[in-house]
Colleague: 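Following this message is one structure expressed as structure tokens.
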Number of protein chains: 2
Amino acid sequence: MVNYKKHNLDQVFSVLSDPTRRAIIQELSRGEKTVKKMAEPFDMSLPAFTKHLKVLENAGLVSYRKVGKYKYYYLHPKGIDYATNWLNELSSYWKGQLTSLEKYLLDSEENKGGNKNDHNE
Amino acid sequence: MVNYKKHNLDQVFSVLSDPTRRAIIQELSRGEKTVKKMAEPFDMSLPAFTKHLKVLENAGLVSYRKVGKYKYYYLHPKGIDYATNWLNELSSYWKGQLTSLEKYLLDSEENKGGNKNDHNE
DNA sequence: TTTATAGTTAACCATGTAGTTAACTGTAAT
DNA sequence: ATTACAGTTAACTACATGGTTAACTATAAA
């Protein structure tokens, strides 16, 4: 078997793969908000929206504090840092590891508009 | 409606949410490999494995060159950079934007082992 | 005390995803 | 010419996900 650890990268990236949830995160990065306020701009039912919040909560990306009948949600950056770090480490590793063949392939793909050996459109 | 653009962040993060696919990416960051070689360490059928490769391919994260009966896969860093940049921008924005309330909440959550107002476990 | 507001829960539906096995194509080796 | 090997395609299964509506709880306002 391979050396991947499950930690919660699965969860974090999965959370981030939904545009609604990314939008929520971006919104919350501007400050805490109530559920209703956050939900407003989205074209979906409130239950649908709060499901997304639950997903964010379960992944540890947001928390809330309750004030009367309101729930004020705020961002929890640590979970996101996990994902950010994974990608940054990968990127820097990758950038140091390019073989000349790979550099060649990358180059020819970026300069010409297509390459016989490049089957990705 | 909200200002999210769909581009391919959905796809890229969704790709990254699977541990097999992250492992493939890490493996390929060490250099190109054939399908069989990559698949070896994984406890799944070859068709299951090549589906993951297709997913990576469709998201533009890998390409291959064909040599005889072999397909040599290699990494395409641009797609990953997309995701990395999104997260880095978010992170830096977020770090500049903390309100004092949020700072307080974060602090009390990191120092004590739990907080009355923090409903995330 | 009745009504409005914020948010949740439950039951349901449609679609997508990750895996399986079996059968196939194409290239290389005997 | 036959066999072996690398990889794909197809048909199927099980389960997760993202949405819906309807009915509910709890707090606040009239």
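Reminder, nothing fancy here: chain letters follow the sequence lines and each chain counts from 1.
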Colleague: Could you tell me the separation between the NZ atom of A:Lys36 and the P atom of C:dG7, rounded to a whole number of Å?
Modeller: 7 Å
Colleague: Could you check how far CE of B:Met44 sits from P of D:dT13, rounded to whole Å?
Modeller: 21 Å
Colleague: Using a 4.0 Å heavy-atom cut-off, does B:Lys51 contact any base of the nucleic acid, only the sugar-phosphate backbone, or nothing at all?
Modeller: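 Base contact.
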Colleague: Treating B:Asp18 as the side-chain partner and B:Arg21 as the backbone partner, does any N or O pair qualify as donor plus acceptor under 3.5 Å?
Modeller: yes
Colleague: Measure NZ/A:Lys54 against P/D:dG19 and give the value in whole Å, please.
Modeller: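 Rounding to the nearest Å, NZ of A:Lys54 and P of D:dG19 are 16 Å apart.
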Colleague: Looking only at side-chain N and O atoms, does B:Glu57 offer a donor or acceptor that is under 3.5 Å from a partner on B:Tyr73?
Modeller: yes
Colleague: Can you check whether A:Ser45 has a side-chain N or O nearer than 4.0 Å to OP1 or OP2 of D:dT20?
Modeller: yes
Colleague: Find the distance B:Asp10:CG to C:dT15:P and express it as a whole number of Å.
Modeller: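 About 19 Å, once rounded to whole Å.
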Colleague: Side-chain N or O of A:Lys71 less than 4.0 angstrom from OP1 or OP2 on C:dT8?
Modeller: yes
Colleague: Do the side-chain N or O atoms of B:Thr50 get closer than 4.0 angstrom to the phosphate oxygens (OP1, OP2) of D:dT8?
Modeller: yes
Colleague: Between atom CZ in B:Phe42 and atom P in C:dA18, what is the gap in whole Å?
Modeller: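 Spelled out: CZ on B:Phe42 to P on C:dA18 is 14 Å.
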Colleague: Can you tell me how far P of D:dT17 sits from NE2 of A:His52, to the nearest Å?
Modeller: 12 Å
